[in-house]
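What you see is a predicted model, and the numbers here were worked out from it, not measured in a lab. Note that the numbering runs from 1 along the sequence shown for the chain. Side chains are part of it too, since the values below use all heavy atoms of this structure and drop only hydrogens, waters and symmetry mates.
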Amino acid sequence: MELEKIPVGILGATGMVGQQYISLLNNHPWFEVRYAAASPRSAGKKYSEAVYGRWHIASNALAANYADHVGNIVVEDANDVSRAAAAFKKGNCSFVFSALEMSKDETSALEEEYAAAGIPVISNASAHRWTSDVPVLIAEINPDHADIIPIQKKKHGWERGFITVKPNCSIQSYMKPLHALAAAGYPARRLIVNTMQAVSGAGYPGVSSLDMIDNIVPYIGGEEEKSENEPLKIFGSIESGVFKNAELPQISAHCNRVPVVDGHTACISLEFDGKKPSLGEIKAIWAAYKGLPQDADFPSAPKQPIIYREENDRPQPRKDRDADKAMAVVIGRLRPCNVFDIRFTALSHNTVRGAAGGGILSAELLKYKGYL
């Protein structure tokens, strides 16, 4: 017998990440989109009308749903939390994915308003990544961080609502490789990371074509700080009801915008904190790596979270970003480093694993743990 799906909403549903949520949730076995909210200029329109002429996802996955479901959903004003609360009472919105494109303060306040109204928020935004009782989830790495949710709810007096976030898209490509090595007894002490980030990471319309064609932009506002600091919270622990950051690894990041549509690439030089594995051991550790999403067979989880390519010229965004539902990290060029211990190249899909797909995987984790 088919189980009844959980009704979900999307805030910022007409933007690039919101569209990716719509696409990835099409025919999801656990969740079904029944509520969409965006800016006031989209409010009152059917979803198909609101995105007409600016659908940016290279997929026809919505074709079957446009006629009878998603396309006919009337978009609400995301600033009007009462509309989502009314949808919740009618059974049309159990929780929301937040892909809001607002200022940090506006996003923070609005997400808290949704949580206070009894609606759990799974956010792609950065506004709450440094809130001391909000978990920054990568489901394979720190599923136990979700267990701060009861403390968060009690602190704020939220009966049902809560907030979780996913981390910055630029760190996705190297967090699981680092975690796999640390779990095997080879933690990193220092890293130098050079990211080459796709233009889709800037949203739409994003970076001007005159800035990107025949060019690389060696600056993305706030990106290096996020890349250097967010891993420490993810690798940290819950102490006295708040998160305590890990002390290592130390990270020095250089973040660049490159003329690639999708797929963030990172070149990493790594120094171990203690004993050093051989290159063969590292490849074996990565090949064997799995987490709770794989053990519990979550619908969005990649079967193989880390894929290693032996070719000298891989990974490449165009060839490797869609590996295993675009949810896997693809690694190549593992070799000794002349300054640190090892160096390698890693790639992840920034709007799937790094955005909507990662948010959906977090929701699957939260459902599994009984929070949804």
Side-chain angles (χ1 to χ4, degrees), residues 12-24 38-39 41-42 50-59 99-104 107 124-126 166-175 192-228 230 251-269 309 313-323 326-333 344-359:
T14 60
M16 183 168 286
V17 174
Q19 291 179 21
Q20 193 68 269
Y21 269 117
I22 295 287
S23 181
L24 293 174
S39 66
R41 67 178 177 272
S42 295
V51 298
Y52 181 79
R54 56 190 186 98
W55 180 259
H56 305 298
I57 307 303
S59 169
L100 293 169
E101 298 177 1
M102 307 166 67
S103 73
K104 183 175 180 179
T107 299
N124 277 73
S126 64
K166 55 153 290 298
N168 192 41
C169 54
S170 69
I171 72 173
Q172 300 285 335
S173 61
Y174 53 89
M175 286 298 289
I192 295 177
V193 179
N194 183 13
T195 66
M196 292 161 280
Q197 299 181 212
V199 292
S200 58
Y204 182 84
V207 186
S208 165
S209 61
L210 289 177
D211 288 323
M212 290 313 307
I213 295 174
D214 189 34
N215 201 27
I216 290 174
V217 180
Y219 174 74
I220 307 171
E223 204 77 359
E224 292 173 354
E225 294 81 1
K226 296 172 187 176
S227 299
E228 293 169 349
E230 287 180 22
I251 302 174
S252 177
H254 308 263
C255 296
N256 307 277
R257 188 73 71 192
V258 297
V260 171
V261 176
D262 290 313
H264 286 354
T265 303
C267 296
I268 299 104
S269 290
R309 301 294 306 235
D313 61 351
R314 302 286 281 276
Q316 296 178 23
R318 198 165 59 185
K319 295 180 179 180
D320 297 306
R321 61 192 170 209
D322 293 323
M327 291 291 284
V329 171
V330 182
I331 301 178
R333 303 208 68 219
F344 59 93
T345 302
L347 168 74
S348 63
H349 197 302
N350 57 294
T351 66
V352 181
R353 182 73 211 212

I need the [X] [atom1] to [Y] [atom2] distance, nearest 0.5 Å.
| X | Y | atom1 | atom2 | result |
| --- | --- | --- | --- | --- |
| Glu225 | Ile220 | CD | CD1 | 11.5 Å |
| Ser173 | Arg353 | OG | CZ | 11.5 Å |
| Tyr21 | Met16 | OH | CE | 15.0 Å |
| Asn168 | Asn124 | CG | CG | 10.5 Å |
| Arg318 | Leu347 | CZ | CG | 13.0 Å |

query: Going through the distances and angles, do Met327 and Val352 end up as a side chain to side chain contact (heavy atoms under 4.5 Å, CB included)?
result: CA-CA 7 Å; Met327 291 291 284; Val352 181; 3.9 Å; yes
- prompt: Between Ser227 (side chain) and Ile171 (backbone), is there a donor-acceptor pair under 3.5 Å?
  reply: no
task: Could you tell me whether the side chain of Glu101 and the main chain of Gly15 form a donor-acceptor pair under 3.5 Å?
output: no
Working for side chain to side chain contact (heavy atoms under 4.5 Å, CB included), residues Gln172 and Asn350: CA-CA 8 Å; Gln172 300 285 335; Asn350 57 294; over 6 Å; no
Solution key, residues 251-258 side-chain donor-acceptor pairs under 3.5 Å, sequence neighbours excluded:
from   : atom 1 : to     : atom 2 : distance (Å)
Asn256 : ND2    : Asn194 : OD1    : 2.7
Asn256 : ND2    : Thr195 : O      : 3.1
Arg257 : NH1    : Ala198 : O      : 2.7

Which heavy-atom pair separates [X] from [Y] by the least distance, and what is that distance?
| X | Y | value |
| --- | --- | --- |
| Gln197 | Ser170 | OE1-CB, 3.3 Å |
| Leu100 | Gly12 | CD2-N, 4.1 Å |
| Ala326 | His349 | O-CB, 3.6 Å |
| Cys169 | Ser348 | O-OG, 4.3 Å |
| Ile22 | Ala13 | CG1-O, 4.4 Å |
| Ala50 | Thr14 | CB-CG2, 3.8 Å |

- request: For Asp320, check salt bridge (charged side-chain N to carboxylate O under 4.0 Å, His left out) against everything at least two apart and list the hits.
  value: Arg309, Arg314
query: Taking the side chain as C-beta and beyond, is there a heavy-atom pair between Pro259 and Ile213 under 4.5 Å?
result: no
Note, Ser39 side chain near Met102 side chain (heavy atom, < 4.5 Å): no
With Tyr204 via ring-ring contact (aromatic ring centres under 6.0 Å, His included) - residues at least two apart: His56
